[in-house]
Structure formats: structure tokens, C-alpha cells
A.B. asks: 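First, the structure itself, so that you have it in front of you.
Chain A is the first sequence line, chain B the second, and so forth, proteins listed ahead of strands; every chain is numbered from 1.
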Number of protein chains: 2
Amino acid sequence: MIIIIFIIRPMSLRMTPQRHAVLTLINGSARHWDAEAISRALQKNDQRIGIATIYRTLSVLEEAGLIAAVVIGQRKHYERIDKPHHDHMVCEACGRIEEFFHQDIETLQHDIAKRHGFCIQGHSLVIFGLCRQCQ
Amino acid sequence: MIIIIFIIRPMSLRMTPQRHAVLTLINGSARHWDAEAISRALQKNDQRIGIATIYRTLSVLEEAGLIAAVVIGQRKHYERIDKPHHDHMVCEACGRIEEFFHQDIETLQHDIAKRHGFCIQGHSLVIFGLCRQCQ
DNA sequence: TGCTATTTGATAATGATTATCATTATCTTT
DNA sequence: AAAGATAATGATAATCATTATCAAATAGCA
């Protein structure tokens with residue numbers, strides 16, 4: 001599955017070493033990344049990529065459907081695209097991001113949106129508080 | 001109720017004309033405001049307040065519990081504090097923000113957080129899509 | 001290999017927000 | 001009403017995340 005993601009790319013999207021590095025990093029775990037974190041992590045691997053390129057690359061990869069973006073707090077985060085839909089719990093103390101999925105919540109969201117005559121394109125649900133470790 | 005909100009202020013918080021203007025504007029309707037919108041609206045009323053003061057005032061009023069803040073998209077919005085808890089549906093086309101409340105969703109959120117050993121401090125639920133008018 | 005169009009990196013620019021600082025003003029006491 | 005202490009303002013500089021610019025580099029195709 002991961003291999004397929006690497007090989008398939010939209011028409012005219014070039015696979016540069018920089019894009020490959022970002023994609024590999026993001027697909028290497030379930031973690032959520034912001035641009036800064038990606039830059040730092042790649043630098044640690046002796047892969048120095050300009051910050052402007054990081055932002056551009058993330059934007060291009062997202063548009064191409066190769067990675068997923070989610071806004072948590074006031075910042076954009078990125079994660080691998082092959083995860084099923086989920087929402088987030090964010091620890092206010094340590095910043096840890098946990099994922100969750102609850103079918104009933106999904107369903108009720110659709111119900112209430114329909115009741116408002118609203119055509120859903122997506123949703124963002126973030127529960128913030130303290131994780132188990134920080135309590 | 002509104003009158004009480006105006007009169008009661010935390011110790012050492014001074015009630016300047018600027019703060020009064022912002023508070024009055026926000027409490028004048030159920031609308032959601034960002035800093036820029038507030039600045040523009042007040043200017044229209046010939047109340048010219050520096051943008052730095054708008055930001056400061058919003059921050060102070062929020063901390064004092066006199067207004068409520070909510071992050072929608074990547075920007076902070078402010079609204080009157082006397083509304084019951086609610087979440088938001090945001091139209092991607094026109095920007096309109098509708099409010100909703102669904103007790104079952106609230107309950108299920110508590111359930112799943114508990115299951116994760118997570119101590120909830122709050123949550124943010126934004127459904128984005130197209131409102132009735134924009135479809 | 002050559003060519004074309006895309007992409008990069010460094011840096012400037014942008015926009016939302018916050019910090020700074022001299023000046024102003026609120027609020028309490030006298 | 002005046003004085004005094006301290007909070008608040010406005011204008012502008014600074015900060016930060018992000019985007020735009022542009023010359024140089026490079027991916028990918030013929």
C-alpha cells in the first residue's frame with residue numbers, strides 16, 4: 001500500500017528528492033506533523049530542505065491527495081493519508097494528539113447538519129483537556 | 001442580564017471607552033466577530049480604536065470571562081458570553097456561521113474521552129460545507 | 001543528450017497578532 | 001476638585017507562520 005502511494009503521482013507532479021523525503025517521513029508513522037516539526041526532523045536526518053519548500057511541498061502533496069491535513073488549534077497539521085477518518089483529542093499540557101473515531105457521533109453530525117439544510121463537506125472535532133499522563 | 005454584565009467587572013480591570021465599545025458591539029447580537037470585523041464595525045460608528053487595542057481588549061475581556069472565544073478555521077472569533085454552549089456549522093462559500101447544539105453528541109464525546117482516560121476541558125466541533133443558500 | 005517546464009533555496013513580502021514606549025486616562029483617596 | 005498610582009491607549013516595531021519572488025537547479029521526456 002505504501003509502495004503504491006510512492007509510485008502513483010498525479011500528472012505533471014514531479015517526484016523530487018525533497019518531496020520524497022517529506023512523504024517518507026509522514027508515511028513513516030501515524031504521527032501528526034506541522035511544517036516546523038517536519039523541517040526539524042528532516043534536518044536531524046541530514047536532509048536540509050528550505051522552509052519555503054517544506055510549506056510548498058506539504059501544500060502540493062495535500063492537493064494531490066497524497067497526505068492529509070487537519071487544523072488543530074490554529075495551526076495546520078499533516079498526517080498520512082491512509083488512515084481511516086478520525087478526530088482528535090489534544091492534551092493541553094504536553095501537546096500529545098490522540099485519535100478517536102465514534103460512529104454515533106459521525107451519524108449525529110450528519111443528522112443535525114441535515115436538519116439545518118446544511119450540505120456537509122467535512123468536519124473538525126477536537127476535544128482538548130489533559131491526557132492520562134498529565135493528570 | 002446584559003446590564004449586569006456591563007456593571008460587573010473583575011478587580012483592577014478598568015472600563016475604558018474602548019473596552020465598553022467592544023463589549024457593547026459584541027453583546028449587541030449573536031454574531032461571531034474576529035478582530036478585523038470588530039475594528040471595521042466600530043470605525044463605521046466613528047469609533048476609531050487602534051488595532052492593537054482591539055486585540056488587547058478582546059484578550060482581556062476573554063480572560064475576564066466577559067466574552068467567549070472560539071477558534072473557527074485557523075482564526076479566533078469572539079461572541080457574547082451569555083449563549084449556552086454550542087458548536088458551529090460554517091459555510092465554505094459565504095462564510096456564514098450557524099450554531100447548533102446536540103445533547104447526544106455532547107454525551108458521546110464525554111464517553112469516548114473517558115474511555116481514553118482523557119480529562120476534558122473543552123471541545124471544538126465545526127462542521128463545514130455549504131449552507132442552504134449557497135447550495 | 002538536449003530541452004522544457006517544474007522546482008528549489010534564499011530572501012523578501014504578507015498578514016495576523018503581540019511587544020514596546022511615551023502619553024493618556026481610570027479610579028481611588030484626600 | 002486635585003493628586004497619585006497604575007492601567008490602558010495608539011502608533012509603530014517586532015514576531016511568527018506562511019507565501020511570493022526570482023535566478024539557478026533539476027526532473028522527466030523525447
Side-chain angles (χ1 to χ4, degrees), chain A residues 6-26 32-43 45-79 90 95 97, chain B residues 6-26 32-43 45-67 69-78 90 95 97:
Chain A
F6 276 140
I7 293 178
I8 299 181
R9 61 179 170 94
M11 299 290 292
S12 85
L13 186 64
R14 303 185 177 195
M15 186 48 60
T16 64
Q18 291 86 353
R19 290 174 178 179
H20 189 265
V22 170
L23 206 44
T24 301
L25 180 69
I26 289 181
H32 297 78
W33 302 89
D34 61 28
E36 170 64 28
I38 288 169
S39 182
R40 252 185 289 115
L42 291 178
Q43 193 157 12
N45 293 346
D46 293 310
Q47 290 170 301
R48 306 181 90 275
I49 304 184
I51 193 63
T53 299
I54 300 280
Y55 280 107
R56 265 191 308 245
T57 297
L58 289 170
S59 180
V60 163
L61 293 180
E62 183 200 349
E63 261 184 50
L66 297 178
I67 59 174
V70 57
V71 174
I72 298 177
Q74 290 176 256
R75 293 216 26 215
K76 222 168 177 180
H77 289 72
Y78 297 89
E79 60 192 319
V90 182
I97 302 176
Chain B
F6 277 139
I7 295 178
I8 299 181
R9 60 181 173 92
M11 299 291 288
S12 86
L13 185 65
R14 301 182 181 196
M15 185 49 63
T16 64
Q18 292 85 354
R19 291 176 178 176
H20 189 266
V22 170
L23 204 45
T24 301
L25 181 68
I26 289 179
H32 297 78
W33 303 87
D34 63 27
E36 171 62 31
I38 288 169
S39 183
R40 252 187 287 118
L42 291 177
Q43 194 157 11
N45 293 348
D46 293 307
Q47 290 170 301
R48 308 181 88 276
I49 303 182
I51 192 63
T53 299
I54 300 279
Y55 279 108
R56 266 191 309 245
T57 298
L58 289 171
S59 178
V60 163
L61 294 180
E62 182 200 352
E63 261 183 51
L66 297 178
I67 59 174
V70 59
V71 175
I72 298 178
Q74 288 176 258
R75 293 221 21 221
K76 222 169 181 181
H77 288 72
Y78 298 89
V90 182
I97 302 176

A.B. asks: Mind checking if B/Ser59 touches a base, just sugar-phosphate, or nothing, with heavy atoms under 4.0 Å?
C.D. replies: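 No contact at all - B/Ser59 keeps every heavy atom at 4.0 Å or more from the nucleic acid.
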A.B. asks: Would you confirm whether B/Thr24, through its side chain, and B/His20, through its main-chain N or O, come within 3.5 Å as a donor-acceptor pair?
C.D. replies: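 Yes, the answer is positive, given that a donor and an acceptor are paired below the 3.5 Å cut-off.
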A.B. asks: Less than 4.5 Å apart, any side-chain heavy atom of B/Val60 and any of B/Leu66?
C.D. replies: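 SC-SC contact between B/Val60 and B/Leu66 ruled out.
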A.B. asks: If you compare every side-chain N and O of A/Thr53 against the phosphate oxygens of C/dA10 (OP1, OP2), does one of them come in below 4.0 Å?
C.D. replies: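 No, A/Thr53 has no side-chain N/O under 4.0 Å of OP1/OP2 on C/dA10.
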A.B. asks: Of the listed nucleotides (C/dT7, D/dT19, D/dA8), which one gets closest to any side-chain atom of A/Tyr55?
C.D. replies: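 Among C/dT7, D/dT19, D/dA8, the one nearest the side chain of A/Tyr55 is D/dT19.
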A.B. asks: Please report the C-alpha distance between A/Ser59 and A/Arg56 in whole Å, then the side-chain angles of each, then the deciding distance to 0.1 Å, and finally whether the side chain to side chain donor-acceptor pair (under 3.5 Å) criterion is met.
C.D. replies: CA-CA 5 Å; A/Ser59 180; A/Arg56 265 191 308 245; over 6 Å; no
A.B. asks: D/dA17 base to A/Arg75 side chain: any donor-acceptor pair below 3.5 Å?
C.D. replies: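 Result: no qualifying N/O pair found.
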A.B. asks: Rounded to whole angstroms, how far apart are CD1 on A/Ile51 and P on D/dT21?
C.D. replies: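 So the two atoms are 19 Å apart, to the nearest Å.
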A.B. asks: Considering only side-chain heavy atoms of B/Gln74, which listed nucleotide, C/dT8, C/dT26, D/dT18, is closest?
C.D. replies: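 Selected nucleotide: D/dT18.
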A.B. asks: Within this structure, what is the CD1-to-C1' distance between A/Ile54 and D/dA17, rounded to whole angstrom?
C.D. replies: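 Atom-to-atom, A/Ile54 to D/dA17, this comes out as 14 Å.
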A.B. asks: By nearest nucleotide on DNA chain C, pick out whichever of B/Ala35 and B/Pro17 is the more 5' one.
C.D. replies: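 That would be B/Ala35.
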A.B. asks: Under 4.0 Å between a side-chain N or O of A/Arg14 and OP1 or OP2 of C/dA5?
C.D. replies: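 Checking A/Arg14 against C/dA5: no side-chain N or O falls below 4.0 Å of OP1 or OP2.
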A.B. asks: Measure the shortest side-chain to side-chain distance between B/Tyr78 and B/Asp34 over non-hydrogen atoms and say whether it is less than 4.5 angstrom.
C.D. replies: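 In short, these two side chains do not touch, never coming nearer than 4.5 Å.
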A.B. asks: Figure out the OH/C1' separation between B/Tyr78 and C/dA16, and round it to whole Å.
C.D. replies: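 One finds 11 Å between C1' of C/dA16 and OH of B/Tyr78, rounded.
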A.B. asks: In whole Å, I'd like the distance from the NE2 atom of B/His20 to the C1' atom of D/dT9.
C.D. replies: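 After rounding, the gap between these two atoms is 18 Å.
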A.B. asks: Can you find a heavy atom in the side chain of A/Leu23 that is under 4.5 Å from one in the side chain of A/Met15?
C.D. replies: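 A side-chain contact under 4.5 Å exists here.
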A.B. asks: Within this structure, what is the CG-to-C1' distance between B/Leu58 and D/dA8, rounded to whole angstrom?
C.D. replies: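 My rounded result for the distance is 15 Å.
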A.B. asks: When all nucleic acid strands are considered with a 4.0 Å heavy-atom cut-off, which category describes A/Gln18: base, sugar-phosphate, or nothing?
C.D. replies: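 The residue A/Gln18 makes sugar-phosphate contact but no base contact.
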A.B. asks: Measure from CD1 on A/Ile38 to P on D/dA17 and round the result to the nearest Å.
C.D. replies: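 These atoms are roughly 14 Å apart.
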A.B. asks: For the pair made of CG in A/Leu42 and C1' in C/dG9, what is the distance, rounded to whole Å?
C.D. replies: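 Rounded to the whole Å, the gap is 15 Å.
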A.B. asks: With nearest nucleotides of DNA chain C determined for B/Glu36 and B/Thr16 from heavy-atom distances, which residue corresponds to the more 5′ nucleotide?
C.D. replies: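 It is B/Glu36 whose nearest nucleotide is closer to the 5' end.
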A.B. asks: Rounded to the nearest Å, what distance is computed from the CE atom of residue A/Met15 to the C1' atom of nucleotide D/dG28?
C.D. replies: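 Those two atoms, CE and C1', are 13 Å apart.
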A.B. asks: Determine whether any donor atom in the side chain of B/Arg56 lies under 3.5 Å from an acceptor atom in the base of D/dG10, or the reverse, and answer yes or no.
C.D. replies: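 Pair found.
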